[in-house]
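Okay, so here's the structure we're looking at.
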Amino acid sequence: MTLLSGVTGRVCLRHHRRLFSTSQVCRVAAGTPYESITVGVPAESGGSEKRVALSPAASAALIKKGMGVNVERGAGISAQFLDSAYEEVGAKIVDKEAAWGSDIVAKVRAPSTEEIPLLKKNSTLISFIYPAQNPDLLSALQERDLTVFGMDTVPRISRAQVFDALSSMANIAGYKAVVMAANHFGRFFTGQITAAGKIPPAKVLVIGGGVAGLSACGTAKNMGAIVRAFDTRAAVKEQVESMGAEFLTVELEESGEGSGGYAKEMSPEFIAAEMALFAKQCKEVDILISTALIPGKKAPLLITKEMIESMKPGSVVVDLAAEAGGNIETTRPGEIYEYAGVTHIGLTDLPSRQATQSSTLYGNNLSKLLLSMGKDNIHQVDLEDEVVRGSIILNQGEMMWPPPPVEPSPVAAKPAAGAAVVKPKEKEPFKDTAVSALTYTAGLGTLLTLGATAPEPAFTTMCTTFALAGICGYHTVWGVTPALHSPLMSVTNAISGITAVGGLLVMGGGYLPTNSVQALAAAAAFVSFINIFGGFVITQRMLDMFKRPTDPPEHNYLYGLPAALFLGGYGYAASQNMADIHQMTYLASSLCCLGALGGLSSQDTARVGNVLGMIGVTGGIAATVGLLNPPVEVLAQMGGAAALGGAVGATIAKKVEITSLPQLVALFHSFVGAAACLTCIATYIHDFPHLATLGNAAVLKTAIMLGTYIGGVTVTGSLVAYGKLD
């Protein structure tokens with residue numbers, strides 16, 4: 001069959017209104033069911049190319065949607081993917097002609113002149129194309145009426161990050177550059193002090209703070225080197241420093257921000273200033289890694305022959321821009337050689353030298369791009385989609401590249417001469433002050449009304465606690481570092497598991513619940529403990545992601561001393577029937593929980609904050625149990641619910657992959673809402689026979705209604721968030 005991936009069918013005359021602005025007619029492609037599509041994966045030609053366009057995992061994703069996948073025999077061998085691995089996920093192992101004759105052909109590199117005739121007419125090709133540098137290739141592909149998507153032309157917008165193969169390959173190139181530099185360098189990267197003498201750390205300079213540069217910074221820093229980096233874009237400074245590198249600057253201020261996330265060409269004055277900086281750095285550093293590229297142009301020359309000659313013997317330079325001419329004057333593209341005692345690495349196939357990882361990431365990018373061009377298991381090309389319009393090069397032989405320019409932000413027009421000018425609204429001091437005064441009047445009046453209608457003193461005490469807790473929480477959370485927002489969400493989620501207290505208050509029976517009220521309460525406590533234990537484990541794992549090998553050793557076990565004193569002291573005081581100890585324990589627990597939130601305000605105190613959260617929640621639950629003083633049987637039931645819930649939560653939190661931690665936080669948060677609902681329902685069933693005679697029945701009913709409503713919103717909202725994140 002012939003894949004109808006070209007534009008056919010109805011015509012839409014409206015212009016693109018999102019990313020692009022164009023006068024071209026936009027059209028929507030007729031759809032083709034996934035089960036009617038075959039995706040071919042031929043072996044890459046060229047002796048040095050070891051990557052394959054689809055890994056077995058990426059093939060499985062397409063097959064799961066109903067597509068057929070034809071893999072040329074031996075196509076994945078160089079990337080360590082055996083034919084049997086493809087067959088296990090449902091792909092077919094075919095000969096060269098069958099792979100090239102598929103409806104959609106997935107490749108890494110553009111097809112050669114000899115391979116183009118193997119492509120079926122009116123089929124689709126997805127690969128790196130580089131249309132600006134390959135006009136003859138485009139002409140040959142046009143003759144076969146192909147639809148061609150370039151993995152290198154995917155627009156750099158937020159929605160397209162998951163399809164961005166250039167960034168995936170740059171990440172690997174940056175990592176591999178450091179590994180190869182270390183292989184050719186004569187010393188350790190990390191500094192050491194041994195019995196044989198002191199070994200200084202290597203000094204690494206990375207030029208360019210894009211994906212490859214940041215990857216190189218992180219890899220070199222993790223290997224123990226002193227890392228410096230330079231980029232013309234000021235916005236890169238924070239990213240470089242987050243990798244543990246020092247960001248170098250020049251005296252002259254000039255923005256290097258260009259389009260598409262790349263740097264722009266700088267002024268002669270700026271270039272002179274940065275060249276002086278590089279000349280100075282070349283005399284100091286041991287390793288130099290250059291990544292500077294400007295799209296569509298020859299790579300800028302940044303390191304001269306004289307700078308190389310000034311470097312220390314045994315130094316290593318890696319030019320990741322070698323394929324585009326190189327940033328280093330003495331680079332030989334595709335070669336490793338030595339000049340003036342400095343090893344030059346000018347290889348142009350670094351991602352291919354990490355073939356397994358490169359193929360895995362590239363396959364993910366390509367398969368997700370392909371699946372994004374469909375809905376309800378129907379493949380179609382929609383030119384109104386900014387990703388499709390940006391990445392499509394040919395559409396059934398029709399030239400679609402370059403895409404229309406990015407629509408500029410609208411600029412406010414200056415008023416014409418004589419036109420009426422709208423003056424800014426003048427301030428009205430009396431009105432503004434009156435609104436503010438009435439707001440405070442309403443707030444204070446509400447508090448007085450609650451005090452006048454309070455059914456009992458405990459109600460006003462709880463309102464006071466609630467108001468002060470809200471104010472403290474707001475000011476504490478407001479100062480948290482943005483990078484720590486995810487651990488903050490996790491630790492607050494764990495602390496909110498204190499809903500277990502509600503379940504404990506209603507639990508009863510014996511070793512097991514004896515009625516529905518007690519069963520609901522036990523269930524509420526159980527799910528709360530899943531959230532508590534799992535939440536703190538997740539927080540710890542998230543904080544471990546920020547840990548670097550150079551960080552000083554931790555001795556958090558010492559916080560067991562205040563925890564033991566706090567809990568042991570409370571236990572002793574409670575056993576001696578000291579009536580006021582319960583309230584003071586609640587206060588201490590509350591302060592620990594506030595300390596947990598405050599601790600997440602910076603990297604230095606984040607781990608202490610997590611420990612304080614554990615102490616605070618444990619103290620609150622212990623004080624509740626001590627205040628209740630339940631029979632031994634009920635106490636055993638409470639302990640069983642805590643132990644079982646804690647084991648489940650901790651096990652799940654430890655085993656889940658790092659990349660799935662955010663959605664797991666959302667899932668655990670649904671347990672908080674579930675516990676609130678269960679506790680409210682149990683309370684209502686328990687108190688229903690007495691509601692007619694209770695003086696505070698209205699307050700109790702309102703509280704139960706609000707608790708159930710908020711809990712329900714929390715459950716459904718958290719589950720939806722989990723589903724979307726997953």
Side-chain angles (χ1 to χ4, degrees), residues 3-7 16 18-20 28-29 31-34 37-42 44 51-71 91 102-111 119 123-131 141 146-172 211 260-261 351 357-396 400-403:
L3 176 65
L4 297 175
S5 61
V7 174
H16 301 302
R18 286 176 285 184
L19 179 62
F20 301 112
V28 180
T32 304
Y34 282 166
I37 297 173
T38 56
V39 180
V41 186
E44 296 295 322
R51 291 172 290 181
V52 64
L54 290 179
S55 65
S59 301
L62 299 180
I63 293 168
K64 184 178 180 181
K65 289 292 186 178
M67 297 184 188
V69 177
N70 296 330
V71 181
S102 301
D103 302 315
I104 298 176
V105 174
K107 281 189 92 283
V108 179
R109 292 188 178 268
L119 287 160
S123 61
T124 296
L125 170 67
I126 307 178
S127 72
F128 285 126
I129 299 294
Y130 301 104
L141 294 173
L146 296 177
T147 296
V148 178
F149 291 92
M151 293 300 293
D152 51 289
T153 59
V154 172
R156 288 199 156 184
I157 57 177
S158 297
R159 190 170 74 83
Q161 287 180 355
V162 70
F163 317 132
D164 190 355
L166 285 177
S167 292
S168 296
M169 298 303 101
N171 180 25
I172 293 170
V211 176
Q357 188 65 71
S358 296
S359 300
T360 300
L361 295 181
Y362 182 83
N364 289 342
N365 295 141
L366 191 149
S367 61
K368 289 177 180 177
L369 175 63
L370 179 56
L371 291 175
S372 74
M373 301 180 210
K375 187 177 182 182
D376 299 327
N377 292 337
I378 300 293
H379 173 77
Q380 63 179 13
V381 176
D382 182 2
L383 294 183
E384 293 186 57
D385 185 294
E386 58 264 39
V387 176
V388 172
R389 187 62 190 89
S391 57
I392 192 169
I393 298 172
L394 294 176
N395 193 3
Q396 283 197 327
M400 304 297 290
W401 187 89

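Hydrogens, waters and symmetry mates are skipped; everything else that's a heavy atom, side chains included, is used. Computed from a predicted model, the values in this text were never measured in an experiment.
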Has the side chain of Asp376 got a donor or acceptor atom that lies under 3.5 Å from a matching backbone atom of Ile378? no
Mind checking what makes side-chain hydrogen bond (donor to acceptor under 3.5 Å, both in side chains) contact with Ser127, not counting sequence neighbours? none
Please determine whether side-chain contact (heavy atoms from CB on, under 4.5 Å) holds for the pair Leu166 and Arg156, giving the CA-CA distance in whole Å, both sets of side-chain angles, and the decisive distance to 0.1 Å. CA-CA 10 Å; Leu166 285 177; Arg156 288 199 156 184; 4.0 Å; yes
Begin with the C-alpha distance, continue with both residues' side-chain angles, and end with the deciding distance and a verdict on salt bridge (charged side-chain N to carboxylate O under 4.0 Å, His left out) for Glu44 and Lys107. CA-CA 7 Å; Glu44 296 295 322; Lys107 281 189 92 283; 2.8 Å; yes
For residues Ala53 and Ala106, report the shortest heavy-atom separation together with the two atoms involved. CB-O, 3.3 Å
Show the numbers, then the answer: is there a side-chain contact (heavy atoms from CB on, under 4.5 Å) between Leu370 and His379? CA-CA 8 Å; Leu370 179 56; His379 173 77; 3.8 Å; yes
side-chain contact (heavy atoms from CB on, under 4.5 Å) between Arg109 and Phe128: does it pass, once the steps are laid out? CA-CA 5 Å; Arg109 292 188 178 268; Phe128 285 126; 5.9 Å; no
Give, for atom CG of Leu366 and atom CE of Met151, the distance between the pair rounded to the nearest 0.5 Å. 4.5 Å
Would a distance-only check, ignoring hydrogens and angles, find a side-chain to backbone donor-acceptor pair under 3.5 Å from Ser167 to Asp164? no
Check: Leu383 and Asn395 side chains under 4.5 Å, non-hydrogen atoms: yes
How about Leu54 and Leu62: do any of their side-chain heavy atoms sit closer than 4.5 Å? yes
How many angstroms lie between atom CD1 of Ile172 and atom OG of Ser359, to the nearest 0.5 angstrom? 8.5 Å
Taken in chain and number order and not counting sequence neighbours, the residues that satisfy side-chain contact (heavy atoms from CB on, under 4.5 Å) with Ser102 are Thr38, Asn70
If every non-hydrogen atom of Asp385 is compared with every non-hydrogen atom of Arg159, which pair is closest and at what distance? OD1-NH2, 2.7 Å
How would you list, by chain and number, every residue that makes a side-chain hydrogen bond (donor to acceptor under 3.5 Å, both in side chains) with Asp152, sequence neighbours excluded? none
Ignoring hydrogens, what is the shortest heavy-atom contact between Leu371 and Tyr34? Give both atom names and the distance. O-OH, 3.5 Å
Results of side-chain hydrogen bond (donor to acceptor under 3.5 Å, both in side chains) for Asn171 - residues two or more places apart only: Ser215
Look up atom OG1 in Thr32 and atom CE in Met67, then write down how far apart they are to the nearest 0.5 Å. 10.0 Å
Minimal heavy-atom distance between Ser168 and Asn365, with the atoms involved, is OG-OD1, 2.7 Å
Given Thr124, Thr147, Leu146, the one that forms side-chain contact (heavy atoms from CB on, under 4.5 Å) with Gln396: Thr147
Quick note, side chain to side chain donor-acceptor pair (under 3.5 Å) partners involving residues 55-67, not counting sequence neighbours, are none
What distance separates Ile104 CD1 from Ile37 CD1, expressed to the nearest 0.5 Å? 5.0 Å
Verdict with reasoning, Asp382 to Lys375, per side-chain contact (heavy atoms from CB on, under 4.5 Å): CA-CA 11 Å; Asp382 182 2; Lys375 187 177 182 182; over 6 Å; no
Which one of Thr153, Leu119, Leu394 satisfies the side-chain contact (heavy atoms from CB on, under 4.5 Å) criterion with Val148? Leu394
Atom CG in Leu369, atom CG in Asn364: separation rounded to 0.5 Å? 12.5 Å
Report the residues that fulfil ring-ring contact (aromatic ring centres under 6.0 Å, His included) with Phe163, sequence neighbours left out, ordered by chain and then residue number. none
Nearest heavy-atom approach of Ala58 to Ser367 is CB-OG, 4.0 Å
If I compare all heavy atoms of Asp103 with all of Ser123, which pair ends up nearest, and what's the gap? O-CB, 3.3 Å
Nearest-0.5 Å distance, CG of residue Leu361 to CZ of residue Arg51: 11.0 Å
